Amino acid sequence: MAASIVKRVSRVKKLNVSHISARYKLLTGSRHFSTSKQWNKALVLGVYENESTDSIDFTGTARKFDEKADGKISQLLLTVKKPLKCGKTRTLHAVVPEFSSVLVTCIGKRGEGYDELETVDKGRESIRAAVAKAVLQLRELGENEIEVDSCGDTEASAEGCHLALFSYDDLKAEKSRKPAVRISCATRYSQDKNSMEKEWRKGAILAEGQNLSRRLMEMPANLLTPTKFAEIVKEQLADKCEVLVRDKDWAESMKMGSFLSVARGSVEPPVFLEIEYKGRQSDSPLALVGKGVTFDTGGISIKPSQGMDAMRGDMGGAACVAGSLLSVSKLQLPVHVKAFIPLCENMPSGSATKPGDVVTAMNGKTIQVDNTDAEGRLILADALCYSEQFNPSLILDMATLTGAIDVALGEGAAGVFTNSENMWNKLQKASVRSGDRVWRMPLFNHYTKKITECQLADLNNIGGSRSGGACTAAAFLKEFVNNKNWLHLDIAGVMSNSGDVAYLGKGMSGRPTRTVIEFINMISKETKN
Ligand code: BES
Ligand code: ZN
Ligand code: ZN
């Protein structure tokens, strides 16, 4: 199987908005290839950090390349005194005939692995960051065909490259867009090319899922309405999943009064997506639920205008569900997944819900909406109730739910609220591998009391004070879940990347898509769901 992932423009399915549709492609580095293109080939090689000034500690692959080049690479590297440090690179030109550039990137100390305090596999993270930096530097130099060292962890290397090369420039003029780059794994001196290709493909697919999430999150809200989101998901997933697009009438017939109370302020009709991937026969699917607010103005409790553009990413939970399903289905994981995505805009208008209004959720609970900006929990309440009807073995919801989780954890980790120690351990393990971290938060009764103290209804949609805002939001959701394996991920803090994650670049992050895929992968191996 070819190691490189290339899709040509002609293979891209069109969207309705014609001038945008021609530009809408899903794989980074996959665009604007022409058959007459001259390839400028480059090679990325990894080295470990090494104090010695007279030897280079190459990765297995890099050592073989150096041997084949009669030691020229090591000689050139040793012409300068200072050894390479983790995250630093050195670029050599015209060392070997097939490559115009050989970029040597330092992947940290040999043997680095799980770091308990950091709760991450440092070795894998360093590889992702090191190859990411390498391919971006080579793209800057105009190289467009790059072979990359597996660096001892092919999957992590593929993830780093494919995530780094993503850029959302579909709406920009051709000349301002990043050039396409073809990347592949440097397998030529490998003992087991097949398994290396397989690992590379897995890493590329993991990144592809996250890149779909990023693209959806980044898309402006005038283009990505609930209807458009559903269309794109259909395009992306329909060949491997069943995608049902439910309308407002359906939501009304299901008595989803809480979801509909958010949608009613907008002229854009709400959509409820139901997606099924059946990689295995079972009657207890794994349920994914994602908040799909395609734009959150706050409604009548309107947000300040500064930074409001970021609220186009308030469908990050929905995007991560779609991205995860893309990868799960492409990897053909033996698992049964059902996904539930309520989609709507939160707008102020004459028909919008007003503070103090009381609405009724699908399970009959009444909710006093004291703040229309706490809308995520309202749409999730009905989606969670609905998901329970399918006898799920577990429910995992993701939502850009609260500013409070950003205050607590920032971009460091997604906040996880769960009633299951077992599920928590699995999710954390998955995040150690993916490098996209999670941190457990409490579901105490203390917080439930804050939202059950309500003047007019069973529940209030806000906790009364700003304190513990992420916890009161989670406590609210808990009122709509009976499942014993429930995980709620508040992903508002990790919604965008300000530069903290070296291999992601600035912008909407698509986090924690890869953690969720890894989690589903683990579950698929362990259980018969
Ligand atoms: N979508 C926001 C949360 C958010 C904040 C997401 C920052 C991404 C970045 C959510 O709907 C919201 O507005 N929550 C309110 C709740 C409050 C009114 C109780 C918040 O966090 O301020
Ligand atoms: Zn809001
Ligand atoms: Zn919101």
Side-chain angles (χ1 to χ4, degrees), residues 213-214 216-218 221 224 226 258-259 261-263 265-266 270 289-320 341-348 352-357 367-381 383 397-415 417 441 447 450-451 453-454 459-477 488-498 507-512:
S213 311
R214 291 163 94 183
L216 289 166
M217 290 172 78
E218 208 66 88
L224 193 76
S258 188
F259 169 40
S261 78
V262 178
S266 173
V289 179
K291 171 179 171 182
V293 175
T294 56
F295 198 79
D296 181 12
T297 64
I300 297 297
S301 314
I302 198 160
K303 287 180 181 293
S305 57
Q306 203 187 3
M308 208 204 267
D309 67 292
M311 285 302 118
R312 69 181 183 281
D314 207 21
M315 27 56 72
C320 289
I341 305 180
L343 291 150
C344 65
E345 284 185 341
N346 185 22
M347 299 288 283
T353 295
K354 303 164 288 297
D357 284 1
I367 305 160
Q368 182 174 335
V369 182
D370 271 355
N371 192 318
T372 64
D373 196 12
E375 85 298 340
R377 62 198 78 181
L378 296 175
I379 74 169
L380 289 173
D397 79 68
M398 281 178 273
T400 48
L401 205 64
T402 66
I405 201 72
D406 183 39
V407 173
L409 302 174
E411 291 179 17
F417 299 82
M441 302 286 289
Y447 302 108
K450 309 273 174 196
I451 47 116
E453 275 163 22
C454 179
L459 300 168
N460 200 305
N461 83 325
I462 51 169
S465 84
R466 288 170 60 84
S467 311
C471 307
T472 47
F476 180 92
L477 296 181
H488 156 58
L489 276 57
D490 193 337
I491 60 171
V494 299
M495 177 177 78
S496 52
N497 186 45
S498 60
M508 295 297 173
S509 70
R511 292 171 67 188

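Note that these values count all heavy atoms, side chains included, but never hydrogens, waters or copies made by symmetry. Whatever order the structure lists them in is the order used to number ligands and atoms, beginning at 1. Predicted model, so just to flag it, every value in this text is computed and none were measured.
Interatomic distance, Lys450 NZ to Ser467 OG, rounded to the nearest 0.5 Å: 7.5 Å. Atoms CD and CG, from Glu345 and Asp296 in turn, are 10.5 Å apart once rounded to the nearest 0.5 Å. Going from atom CD of Glu375 over to atom OG of Ser258 covers 10.5 Å, rounded to the nearest 0.5 Å. Rounded to the nearest 0.5 Å, atoms CZ (Phe476) and CD1 (Ile462) are 11.0 Å apart. Rounded to the nearest 0.5 angstrom, Ile302 CD1 and Asn346 CG are separated by 9.5 Å. Interatomic distance, CG of Leu380 versus CE of Met398, reported as 11.0 Å (0.5 Å rounding).
Among the backbone and side-chain atoms of Lys291, an N/O/S atom is found under 2.8 Å from the Zn ion (ligand 3). For the Zn ion (ligand 2), the set of nearby N, O or S atoms under 2.8 Å includes none belonging to Asp314.
Within Asp296, the N, O or S atom lying nearest to the Zn ion (ligand 2) carries the name OD2. Looking only at its N/O/S atoms, Glu375 has OE1 as the one nearest to the Zn ion (ligand 2).
Atom 10 (C) of ligand 1 has Leu401 O, 3.2 Å as its closest protein atom, hydrogens excluded (heavy atom only). Remark: minimum distance from atom 19 (C) of ligand 1 to any protein heavy atom is reached at Ile462 CG2, 3.5 Å. Protein heavy atom nearest atom 18 (C) of ligand 1, with residue, atom name and distance: Asn371 ND2, 3.4 Å. For atom 2 (C) of ligand 1, the nearest non-hydrogen atom of the protein is Asp296 OD2, 3.6 Å.
For the pairing with Asn461, the side-chain contact (heavy atoms from CB on, under 4.5 Å) check across Asp373, Ile451, Ile367 returns one residue only, Ile367. Test Ile341, Leu224, Val293 against Met315 for side-chain contact (heavy atoms from CB on, under 4.5 Å) and you get one pass: Leu224. Each of Thr472, Asp490, Val407 was evaluated against Thr402; a single residue qualifies, Asp490, per the side-chain contact (heavy atoms from CB on, under 4.5 Å) test.
Interface atoms of ligand 1 facing Asp314, defined by a heavy-atom separation under 4.0 Å, are 1 (N). The ligand atoms of ligand 1 that sit less than 4.0 angstrom from a heavy atom of Glu375 are 11 (O). Interface of Lys291 with ligand 1, defined as ligand atoms under 4.0 Å from a residue heavy atom, comprises 1 (N), 10 (C), 11 (O).
The option from Ala492, Gly469, Gly403, Gly493 that lies nearest to atom 21 (O) of ligand 1, judged by heavy atoms, is Gly403. Across Met311, Met495, Arg466, heavy-atom proximity to atom 4 (C) of ligand 1 is greatest for Met311.
Looking at Met315 against ligand 1, nothing comes within 4.0 Å, counting heavy atoms. Counting heavy atoms closer than 4.0 Å to ligand 1, residue Asp406 contributes nothing at all. With a 4.0 Å heavy-atom cut-off, ligand 1 is reached by the backbone of Asp373 and by its side chain too.
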Checklist entry - Could you go step by step and tell me if Ser261 and Leu378 meet the side-chain contact (heavy atoms from CB on, under 4.5 Å) rule? => result CA-CA 8 Å; Ser261 78; Leu378 296 175; 4.2 Å; yes
Next on the checklist: Under the criterion side-chain contact (heavy atoms from CB on, under 4.5 Å), I'd like the reasoning laid out for Lys291 against Ile379: C-alpha separation, chi angles, the key distance, then a yes or no.
Outcome noted: CA-CA 7 Å; Lys291 171 179 171 182; Ile379 74 169; 4.1 Å; yes
Next on the checklist: The test is side-chain contact (heavy atoms from CB on, under 4.5 Å); show your working for Met311 and Thr297 and say whether it passes.
Outcome noted: CA-CA 7 Å; Met311 285 302 118; Thr297 64; over 6 Å; no
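The shortest N/O to N/O separation between Lys303 and ligand 1 falls below 3.5 Å. In terms of polar-atom proximity, defined here as any N/O pair under 3.5 Å, Ala374 makes no such contact with ligand 1. Residue Arg377 has no N or O atom closer than 3.5 Å to an N or O atom of ligand 1.
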